[in-house]
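Reviewing the structure listed below.
Both backbone and side-chain heavy atoms feed into the values below; hydrogens, waters and symmetry mates do not. Start at 1 and go down the list; that is how both ligands and their atoms are numbered.
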Amino acid sequence: MGEFDLIARYFSNIGVKRTDVSIGVGDDGAVLQVRDGYDIVVTTDTMVAGTHFFPDVDPRALGHKLVAVNVSDLAAMGAEPTWLSLAMTLPSADESWLAQFAAGLHETAEYYNCQLIGGDTTRGPLSFSMMAKGQVPRGKAITRAGAKVGDYIYVTGTLGDAALGLKWVQGQCEISKKHQGHVLQRFHYPSPRVALGQALRNTASSAMDISDGLAGDLPHILRRSGVGAYVDIQRLPMSQALKDSCTAEEAMHLALSGGEDYELLFTVPENRRGSLDVLLSPYGVPITCIGRITGAVGKLELKTGEQPYAYQHQGFQHFL
Ligand code: ADP
Ligand code: MG
């Protein structure tokens, strides 16, 4: 099967058919209708075999994750996801693999109301690069730069579950039968907080999604906003699965430094804090206040109650 048959068969009908796509897959470029009074938000994520996923990963899960991690960046900006494009490099055209991969892309693109509008296909070492585009009312994108001294810091959901899943898949820990499903789901099928991100547009002063672990990601907000923060680690939200599967210290480490949770991290000014519970209750995703923004520029203080907590973040960085 040649490149064009492959695109036509597997990649020409991914996601929903959006009415704002005048031309999708098949021409030299896609033609998209932009809503008046909206800004476009654009993000890209690449996944390379051996670096971001195991070469023998379930292709359906891979398809899901590729869409999910991109859509999560849009969620963090308060944007509504709309269009996806996909540059892929394949060593060969394995049809059953591609069919599963495309099914994973499709399910998740459809769930988030996105359409795949184009891409590029080449032969080479297995890797995928997706670009996602979303829309947000003009000027309403939530950035990393808006946190102010005194703002409260929140996270959605629970932290550390995806990292626990990775450890388990690598045979580095044991997980009891009753928690295995939850942990695998969190690792392979992350749920970007798309509706919640949009709900925060007029309430959060800053936001980002947690892809590299809280202790690695929160400093990005601190740098961009020119502020500091303290976080009470006793308040970090952890699933029962995480608490039951590790020592307290290991659970804390995974919650602080474990990547790939794709939860939202956001700050809220004191005077908007009271409306949060009511605002977010329709979304069924718990939020937890974990600390506050301070004036100690660039400094992240971890505390347990009132005591300082000594902790060395070990995040993953390419090229180090
Ligand atoms: P060109 O050579 O003009 O760049 P291509 O031959 O690369 O065009 O692609 C043909 C059409 O197929 C284009 O509309 C392109 O967007 C689309 N396409 C290529 N690869 C993919 C892919 N992996 N997923 C979705 N669409 C793709
Ligand atoms: Mg062309």
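There is a side-chain donor-acceptor pair under 3.5 Å between Ser22 and Gln33. With 3.5 Å as the limit, one finds a donor-acceptor pair spanning the side chains of Glu263 and Thr156.
The pair Asp261-Arg186 meets the salt-bridge criterion, with a side-chain N (NZ, NE, NH1 or NH2) lying under 4.0 Å from an Asp/Glu carboxylate O.
Scored by the side-chain hydrogen bond (donor to acceptor under 3.5 Å, both in side chains) test, Gln100 finds no partners at all (sequence neighbours excluded).
For the pair Gly24 and ligand 1, the shortest N or O to N or O distance does not fall below 3.5 Å. Residue-to-ligand polar distances place Gly119 within reach of ligand 1: an N/O pair is separated by less than 3.5 Å.
Those atoms of ligand 1 that come under 4.0 Å of a heavy atom in Leu116, given as number and element, are 24 (N), 25 (C). Here is the list of ligand 1 atoms found below 4.0 Å of a heavy atom in Met88: 23 (N). Close approach to Asp120 involves these atoms of ligand 1, each under 4.0 Å from a residue heavy atom: 7 (O), 19 (C), 20 (N), 21 (C), 23 (N). Atoms of ligand 1 found under 4.0 Å from any heavy atom of Thr121 (numbered from 1 in listed order, with element): 19 (C), 20 (N), 21 (C), 22 (C), 23 (N). The contact set between ligand 1 and Asp27, taken as ligand atoms under 4.0 Å from a residue heavy atom, comprises 13 (C), 14 (O). Interface of Asp28 with ligand 1, defined as ligand atoms under 4.0 Å from a residue heavy atom, comprises 3 (O). Contact atoms of ligand 1 toward Phe4: 6 (O) (distance under 4.0 Å to a heavy atom of the residue).
Relative to the six-membered ring of Phe187, Lys65 meets both conditions, a distance below 6.0 Å and an angle of at most 45° to the axis.
Taking the six-membered ring where the residue is Trp, the centroids of Phe101 and Phe128 are separated by under 6.0 Å.
One hydrophobic cluster holds both Val155 and Leu218 under the rule that ILVMFWY side chains link at heavy-atom gaps under 4.5 Å.
Only side-chain heavy atoms of Ile7 come within less than 4.0 Å of ligand 1; its backbone N, CA, C and O stay farther off.
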